[in-house]
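Chain identifiers are assigned alphabetically (A, B, ...) following the order of the sequence lines, protein sequences preceding nucleic acid strands; residue numbering begins at 1 within each chain. Side chains are part of it too, since the values below use all heavy atoms of this structure and drop only hydrogens, waters and symmetry mates.
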Protein chains: 2
Amino acid sequence: MVRDVNRVQRKRDERVRRIVATAAELFGERGYDGTALEDVAERLDVTKGSLYYYFAGKDELAAAAIETLGSDWTARLEEMPATGPSAERLRALLREHIAIAVREYPAALRLFLVPDSWPDALRARIRELRARHDLVFRRVIREGVAAGELAVVDEDATLQALHAAMSQAPLWCSHLAGDAQDRAMDDLADTLMKLVRA
Amino acid sequence: MVRDVNRVQRKRDERVRRIVATAAELFGERGYDGTALEDVAERLDVTKGSLYYYFAGKDELAAAAIETLGSDWTARLEEMPATGPSAERLRALLREHIAIAVREYPAALRLFLVPDSWPDALRARIRELRARHDLVFRRVIREGVAAGELAVVDEDATLQALHAAMSQAPLWCSHLAGDAQDRAMDDLADTLMKLVRA
DNA sequence: GCAAGGTTTGACCCCAGAGTCAATAGCATT
DNA sequence: AATGCTATTGACTCTGGGGTCAAACCTTGC
């Protein structure tokens with residue numbers, strides 16, 4: 001009989017992690033409705049049935065995927081250096097958010113911009129994740145405003161505009177080649193900086 | 001037998017118009033996948049079957065709906081007064097786009113921001129509609145820049161940012177009450193004007 | 001090798017929703 | 001009232017995809 005409960009648990013966790021990651025990819029690419037559990041299973045080289053061994057259903061899997069997408073992303077921004085002039089830090093944050101969106105998470109759009117393309121049960125959580133994500137930007141902006149380095153017309157409106165513009169970037173950037181893409185992302189970041197110019 | 005072919009045609013056109021309008025509403029509210037043809041039929045007090053008398057299928061109906069959504073909207077912006085300082089005209093355009101988005105077309109988001117939530121066949125057309133829509137803003141911005149009244153970092157990036165921010169407005173504005181909503185829309189328009197400040 | 005789990009399978013049910021169509025109803029016109 | 005269109009119905013098929021489950025398959029410890 002199995003004694004080493006820990007090892008079993010670790011293996012299980014690892015499997016769950018891979019499933020969630022794959023699901024997140026697909027949900028990002030094709031949206032909630034556009035993603036069949038069979039697609040997820042296929043990409044993992046297993047059968048649909050076995051997914052139900054780990055998750056109660058599609059919604060639960062989607063919930064986990066959202067959780068990962070949202071918090072990984074936010075975490076990466078939170079890890080960025082927190083010193084230097086607010087303007088520079090904000091610009092770096094914007095640029096990084098855009099780069100992540102374009103290169104890794106076309107899901108951005110669906111996750112942050114169209115919450116109602118997800119089942120009702122998940123919307124509240126999505127809003128929370130987004131609020132936390134926004135907070136990263138809010139903090140820097142507030143500091144900058146307090147220090148007189150930055151200025152905004154209205155904090156909420158600015159946040160909404162920043163977020164919408166950044167998250168939508170994959171739509172028109174992803175078809176560009178390497179160099180042109182980098183320039184497009186820079187242009188967008190520079191453009192958005194005008195929103196907080198003193 | 002029916003002689004007056006014209007009257008028959010007119011009636012038919014009118015019925016088509018109503019169907020398309022209703023479909024546009026629903027697609028806007030719930031997206032392509034979220035809208036069943038039976039829902040459209042129900043809102044029109046007819047049966048699903050009769051829709052097929054006018055349209056070959058869901059995609060064709062969606063195509064018509066998109067056409068209406070896109071061109072009505074653009075047309076309304078194109079009708080706005082074309083005199084006065086560029087900054088003021090642009091501000092009016094932004095404000096109007098936002099108001100239409102919030103009050104009439106929550107569809108905005110789905111139409112302009114998430115083209116790939118529609119069937120493949122429609123995407124090219126959606127891009128065209130959006131390009132034409134953008135043109136209204138592009139023109140004013142170019143005039144303003146030429147006249148030295150406005151300045152942009154990069155025209156494309158600016159357009160993308162403007163559009164994304166405006167179209168996403170329903171998401172956070174629509175739950176606000178009358179006055180607060182107006183203020184939020186004003187704030188957003190003012191915020192966005194910073195993007196083109198000289 | 002053999003228990004006692006943990007894990008995966010594949011066949012299955014079921015439903016929502018797209019699409020079809022023969023029959024029926026609603027009209028103008030004569 | 002009869003004729004010949006146009007329009008609508010409702011019952012039907014079919015497919016995709018979510019969800020279930022008993023049986024088979026691994027793995028690990030004894």
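Rounded to an integer number of Å, the gap from A:Arg30 CZ to D:dG17 C1' is 14 Å. Atom CG of B:Asp33 and atom P of C:dA16 are 17 Å apart (whole Å). In this entry the distance linking CZ of A:Arg10 with C1' of D:dT27 reads 15 Å, nearest Å. Rounding to whole angstrom units, CG of residue B:Leu37 and P of D:dT13 are separated by 20 Å. Rounded to an integer number of Å, the gap from NZ of B:Lys58 to P of D:dC14 is 21 Å. Atom pair B:Ile19:CD1 and D:dT8:C1' shows a separation of 11 Å (rounding to whole Å applied). As a whole-Å value, the separation of A:Glu42 CD from C:dT9 C1' is 16 Å. In this structure, B:Glu38 places its CD atom 11 Å from C1' of C:dG19, rounding to the nearest Å.
By the 4.0 Å N-to-carboxylate-O rule, B:Glu143 lies close enough to B:Arg89 to be salt-bridged with it.
The backbone N or O of A:Cys173 sits less than 3.5 Å from a side-chain atom of A:Gln181, completing a donor-acceptor pair. Checking side-chain atoms of A:Gln168 against main-chain N and O of B:Ala164 turns up no donor-acceptor pair under 3.5 Å.
Ranked by how close their nearest DNA chain C nucleotide is to the 5' end, B:Lys11 and B:Ala56 are led by B:Ala56. Ranked by how close their nearest DNA chain D nucleotide is to the 5' end, A:Ala36 and B:Arg15 are led by B:Arg15.
Crowding of A:Arg18 atom CZ: a count of heavy atoms from other residues, nucleotides or ligands under 6.0 Å not exceeding 12. Atom CD of B:Glu42 sits in a sparse spot, with 12 or fewer heavy atoms from other residues, nucleotides or ligands closer than 6.0 Å.
Between A:Tyr53 and C:dT8 there is no side-chain polar atom (N or O) within less than 4.0 angstrom of OP1 or OP2. An OP1 or OP2 oxygen of D:dA7 is reached within less than 4.0 angstrom by a side-chain nitrogen or oxygen of B:Arg12. OP1 or OP2 of D:dT8 lies within a sub-4.0 Å distance of a side-chain N or O belonging to B:Tyr54.
Here the CZ atom belonging to A:Arg15 is positioned 12.5 Å from the CZ atom belonging to A:Arg10, to the nearest 0.5 angstrom.
Screening residues 54-72 of chain B for salt bridge (charged side-chain N to carboxylate O under 4.0 Å, His left out) gives B:Glu67-B:Arg125 as the qualifying pairs, with residues at least two apart or on separate chains.
The side chain of A:Tyr52 has D:dG18 as its nearest neighbour among C:dG19, D:dA7, D:dG18.
For the segment residues 43-51 of chain A, the set of residues with a heavy atom within less than 4.0 Å of an atom of DNA chain C comprises A:Val46, A:Thr47, A:Gly49, A:Ser50, in numerical order.
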